Amino acid sequence: MNIVQSSSVPPLPPELIAKFKKIVGDKYAVTDQTDIEPYVTEERDLFHGRSPLVLRPGSTAEVAAICRLATEYKIALVPQGGNTGLVGGQTPHNGEVVISLRRLDKIREVDVASNTMTCEAGVVLQVAQQRATDVDRLFPLSLGAEGSCTIGGNLSTNAGGTTALAYGVAREMALGLEVVLADGRVLNLLSKLKKDNTGYDLRNLFIGAEGTLGIITAATLKLFPKPRAIETAFVGLKSPAQALKLLSISQNEAAGTLTSFELLAEIAVDFSIRHGIDVRDPLSGKHPWYVLMELSSPRDDARATLEAILAKALEDEIIDDAVIAANLSQRLAFWKLRDEMSAAQKPEGGSIKHDISVPVAAVPEFIAEANAAVVKLIPGARPVPFGHLGDGNIHYNVSQPIGADTGGFLARWHEVNAVVFDIVLKLGGSISAEHGIGVLKRDELPQVKDKVAIELMRQVKAMLDPLGIMNPGKVL
């Protein structure tokens with residue numbers, strides 16, 4: 001499926017463009033279509049939008065002024081962070097004005113005593129991680145796009161990542177927000193408080209809303225003690241069921257220090273080794289399944305704990321082989337193999353992707369049923385499941401049959417979705433674990449979400465954005 005919009009760009013009156021330019025300055029108002037191109041396309045080339053104008057505000061006040069003007073003239077807006085989203089939520093599909101928040105890149109405050117950091121929306125995730133490290137703290141949100149995705153985008157999509165098992169998703173890492181509403185009002189919910197029982201938790205309305213209710217311009221984030229010891233293992237085993245047993249042992253033995261637990265199918269590992277750069281198999285032999293696990297401890301006991309976990313798993317015949325990273329270089333090599341998995345599917349042809357979650361105990365059942373159903377639907381299709389077993393989030397991707405027509409395969413995207421989503425819902429899961437809804441899953445949402453919940457979502461949208469100018473056509 002290649003979601004490409006018409007190349008024609010709806011006109012915006014020159015006098016209105018001039019008004020927008022006056023807010024941000026000529027230098028930060030982009031009208032040339034060649035310069036606009038990076039803002040209307042995304043890495044996978046799955047979505048290709050169109051826009052007559054990209055605005056790059058440098059302050060919350062400028063964002064507010066843009067929204068006031070947009071409300072006055074009923075101009076639709078699409079907020080955008082690092083443009084790394086995977087469901088089309090950041091793309092101007094119908095000629096909307098793009099508000100790029102990348103210039104809002106200040107870290108306003110780091111408060112070590114309260115373990116908080118207040119960042120503007122355009123701060124790159126990796127920069128936030130490093131700033132926390134600089135003060136001997138940890139900001140644990142971690143995902144493949146961390147070198148380019150932004151804090152505002154992370155919160156707008158409620159990003160998950162590889163450490164959600166221990167620290168939760170983006171929603172759980174934010175204490176407060178600053179949000180610009182559609183009419184230009186600034187909602188100041190920035191707070192360092194962990195306890196605040198003063199009415200409705202409005203903050204959570206905007207986290208995961210994908211910019212459809214307002215534009216996040218800043219956030220107060222939680223920091224954590226920096227681990228003194230990190231130990232990483234790459235494990236070979238026979239099945240997801242065995243991986244589930246290893247997870248149970250690890251959680252019991254690690255006493256809260258298990259921070260990552262990634263389940264990787266053999267085919268996913270093979271793709272990474274085949275197409276990745278400087279990627280190799282850490283184990284001497286092949287295995288049907290692998291686990292990449294990591295312990296992070298405030299004490300120097302992580303190595304002994306990890307060795308004890310693996311020794312018990314070997315003794316109980318739960319795992320077949322394992323290696324512990326001997327140094328930082330090996331640890332990074334293990335993670336590089338994992339991080340290359342999405343990109344490594346591209347040379348294999350078309351890939352139909354799912355970001356689903358089911359109860360942790362149901363992951364083996366889901367994978368077995370989904371594999372059988374997908375191959376029955378499209379003989380020769382190659383399921384490539386991998387992801388965060390520790391929190392039940394599996395990236396269930398399906399690569400085209402070898403030699404198949406890519407266009408014909410991708411044309412069956414929603415057909416494959418239906419088969420996979422039926423199994424997810426039967427097991428009590430979700431069709432979107434961490435990537436959001438955007439436009440990719442918008443039409444499926446009413447079929448899987450509680451009808452009263454959908455009604456309330458529409459009512460909230462109508463109240464906060466009565467003109468429907470905030471990222472229209474996304475989520476709902």
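Everything numeric here is computed off the predicted structure, so don't read it as measured data.
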Visitor: Please round to the nearest 0.5 Å and tell me the distance separating atom OG1 of T232 and atom CG of L306.
Guide: 8.0 Å
Visitor: List in chain and number order the residues that pass side chain to side chain donor-acceptor pair (under 3.5 Å) with S432, two or more places apart in sequence or in another chain; answer none if no residue qualifies.
Guide: none
Visitor: Tell me yes or no: between the side chains of S399 and E348, is some donor less than 3.5 Å from an acceptor?
Guide: no
Visitor: Using the ring-ring contact (aromatic ring centres under 6.0 Å, His included) criterion, which residues pair with Y167? Sequence neighbours excluded.
Guide: F224
Visitor: For the residue pair F334 and F234, does the interplanar ring angle fall in the parallel (under 30°), tilted (30 to 60°) or perpendicular (over 60°) class?
Guide: tilted
Visitor: Between I216 and I151, is any pair of side-chain heavy atoms under 4.5 Å apart?
Guide: no
Visitor: Whether the side chain of T133 engages the backbone of Q129 through a donor-acceptor N/O pair (distance < 3.5 Å, no angle test) should be reported.
Guide: yes
Visitor: Decide if atom NZ of K238 counts as having more than 12 heavy atoms of other residues, nucleotides or ligands within a radius under 6.0 Å.
Guide: no
Visitor: Among residues at least two apart in sequence or on other chains, which ones pass ring-ring contact (aromatic ring centres under 6.0 Å, His included) with F206?
Guide: none
Visitor: Identify the heavy atoms of V40 and T91 that sit nearest to each other, and give their distance.
Guide: O-CG2, 3.8 Å
Visitor: Restricting to side chain to side chain donor-acceptor pair (under 3.5 Å), what partner residues turn up for Q447, sequence neighbours left out?
Guide: none
Visitor: Do K194 and L175 have side-chain heavy atoms sitting under 4.5 Å apart?
Guide: yes
Visitor: Using the salt bridge (Lys or Arg N to Asp or Glu O under 4.0 Å) criterion, which residues pair with E307? Sequence neighbours excluded.
Guide: R303
Visitor: Should I367 and L263 be marked as a side-chain contact (heavy atoms from CB on, under 4.5 Å) after you check the CA-CA gap, both sets of side-chain angles, and the distance that decides it?
Guide: CA-CA 11 Å; I367 291 175; L263 177 68; 3.9 Å; yes
Visitor: Nearest 0.5 Å please: distance from the NZ atom of K474 over to the CD1 atom of I437.
Guide: 13.0 Å
Visitor: Among all residues two or more places apart in sequence or in another chain, which pass the side chain to side chain donor-acceptor pair (under 3.5 Å) test with D443?
Guide: none
Visitor: Decide side-chain contact (heavy atoms from CB on, under 4.5 Å) for Q80 and I99; before the verdict, give the C-alpha distance in whole Å, the side-chain angles of both, and the deciding distance to 0.1 Å.
Guide: CA-CA 6 Å; Q80 188 180 101; I99 302 180; over 6 Å; no
Visitor: In residues 356-364, what donor-acceptor pairs under 3.5 Å come from side-chain atoms, sequence neighbours left out?
Guide:
none

Visitor: Who are the salt bridge (Lys or Arg N to Asp or Glu O under 4.0 Å) partners of E294, not counting sequence neighbours?
Guide: R331
Visitor: Checking T150 against L101 for the side-chain contact (heavy atoms from CB on, under 4.5 Å) test, could you report, in this order, the C-alpha distance in whole Å, the side-chain angles of both residues, the deciding distance, and whether it holds?
Guide: CA-CA 9 Å; T150 62; L101 298 164; over 6 Å; no
Visitor: Over all heavy atoms of both residues, which pair between I431 and V424 is shortest? Give the atoms and the distance, please.
Guide: N-CG1, 4.3 Å
Visitor: Could you tell me whether a side-chain N or O of Y396 sits under 3.5 Å from a main-chain N or O of A370, the two making a donor and an acceptor?
Guide: yes
Visitor: Counting only heavy atoms from other residues, nucleotides and ligands, does the tally under 6.0 Å from NZ of K461 exceed 12?
Guide: yes
Visitor: Please report the interatomic distance CG(L187) to CG(L213), rounded to the nearest 0.5 Å.
Guide: 11.5 Å
Visitor: Using the test ring-ring contact (aromatic ring centres under 6.0 Å, His included), find all partners of Y39 that sit at least two apart in sequence or belong to another chain.
Guide: none
Visitor: Quick one: which of V110, L223, L193, D111 gives a side-chain contact (heavy atoms from CB on, under 4.5 Å) with T116?
Guide: D111
Visitor: On a heavy-atom basis, which atom in S250 and which in M293 lie closest, and how many Å separate them?
Guide: OG-CE, 3.3 Å
Visitor: Would you tell me whether N83 and E42 have side-chain atoms, one donor and one acceptor, within less than 3.5 Å of each other?
Guide: no
Visitor: Please enumerate all residues that pass side chain to side chain donor-acceptor pair (under 3.5 Å) together with K245, with sequence neighbours excluded.
Guide: Q242
Visitor: Just by distance, do the side chain of E434 and the backbone of G161 share a donor-acceptor pair under 3.5 Å?
Guide: yes
Visitor: Enter the distance from H287:NE2 to L237:CG here, rounded to the nearest 0.5 Å.
Guide: 8.5 Å
Visitor: Any donor and acceptor pair, going by atom type alone, linking the side chain of R171 with main-chain N or O of N204 inside 3.5 Å?
Guide: yes
Visitor: Considering only heavy atoms from C-beta outward, does the side chain of V419 approach that of K376 to under 4.5 Å?
Guide: no
Visitor: With side-chain contact (heavy atoms from CB on, under 4.5 Å) as the test, would you mind laying out the steps for L410 and W413 before giving the verdict?
Guide: CA-CA 5 Å; L410 293 177; W413 189 293; 4.1 Å; yes
Visitor: For D321 and Y290, test the side chains for any donor-to-acceptor distance below 3.5 angstrom and give the result as yes or no.
Guide: no
Visitor: Got a sec: does the CZ of R280 have more than 12 other heavy atoms crowding it under 6.0 Å?
Guide: no
Visitor: Decide yes or no for M470 and I215: does some side-chain heavy atom of the first lie under 4.5 Å from some side-chain heavy atom of the second?
Guide: yes
Visitor: Run the salt-bridge test on R108 and E178 with the 4.0 Å N-O cut-off and return the result as yes or no.
Guide: yes
Visitor: Just by modelled atom types, is the G473 backbone N or O under 3.5 Å from a matching donor or acceptor in the R442 side chain?
Guide: yes
Visitor: So, are K336 and E340 salt-bridged, with charged N and O less than 4.0 Å apart?
Guide: yes
Visitor: Do D270 and K286 sit within salt-bridge range, that is, some charged N less than 4.0 Å from a carboxylate O?
Guide: yes
Visitor: Could you tell me whether the side chain of K449 and the main chain of I454 form a donor-acceptor pair under 3.5 Å?
Guide: no
Visitor: Between T163 (side chain) and P140 (backbone), is there a donor-acceptor pair under 3.5 Å?
Guide: yes
Visitor: Please list, chain by chain and in numerical order, all residues satisfying ring-ring contact (aromatic ring centres under 6.0 Å, His included) with F386, sequence neighbours excluded.
Guide: H395
Visitor: Is any side-chain heavy atom of T162 less than 4.5 Å from a side-chain heavy atom of H388?
Guide: yes
Visitor: Measuring from atom CG of L295 to atom CD1 of I309, what distance do you get when rounded to the nearest 0.5 angstrom?
Guide: 5.0 Å
Visitor: Hey, is the main chain of V169 close enough, under 3.5 Å, to the side chain of N158 for a donor-acceptor pair?
Guide: no
Visitor: Decide, yes or no, whether a salt bridge links E262 with R338 under the criterion of side-chain N to carboxylate O below 4.0 Å.
Guide: yes
Visitor: How about H93 and V78: do any of their side-chain heavy atoms sit closer than 4.5 Å?
Guide: no
Visitor: Mark yes when over 12 heavy atoms from residues, nucleotides or ligands other than D136 sit less than 6.0 Å from its CG; otherwise mark no.
Guide: yes
Visitor: Under the 3.5 angstrom rule, does the side chain of D355 hit a backbone N or O of H435 as a donor-acceptor pair?
Guide: yes
Visitor: In the structure I gave you, are the side-chain heavy atoms of T305 and E231 within less than 4.5 Å of one another anywhere?
Guide: no
Visitor: Quick check against the 3.5 Å criterion: does D450 have a side-chain atom that pairs as donor or acceptor with the backbone of V452?
Guide: yes
Visitor: So, using salt bridge (Lys or Arg N to Asp or Glu O under 4.0 Å) as the criterion, who are the partners of D196 when residues are at least two apart?
Guide: none
Visitor: Could you report the tightest heavy-atom contact between S148 and V124, atom names first, then the distance?
Guide: N-CG1, 3.9 Å
Visitor: Do T118 and T220 get their side chains close enough for a donor-acceptor pair, meaning under 3.5 Å?
Guide: yes
Visitor: Quick one: are H414 and N417 in side-chain contact, heavy atoms under 4.5 Å?
Guide: yes
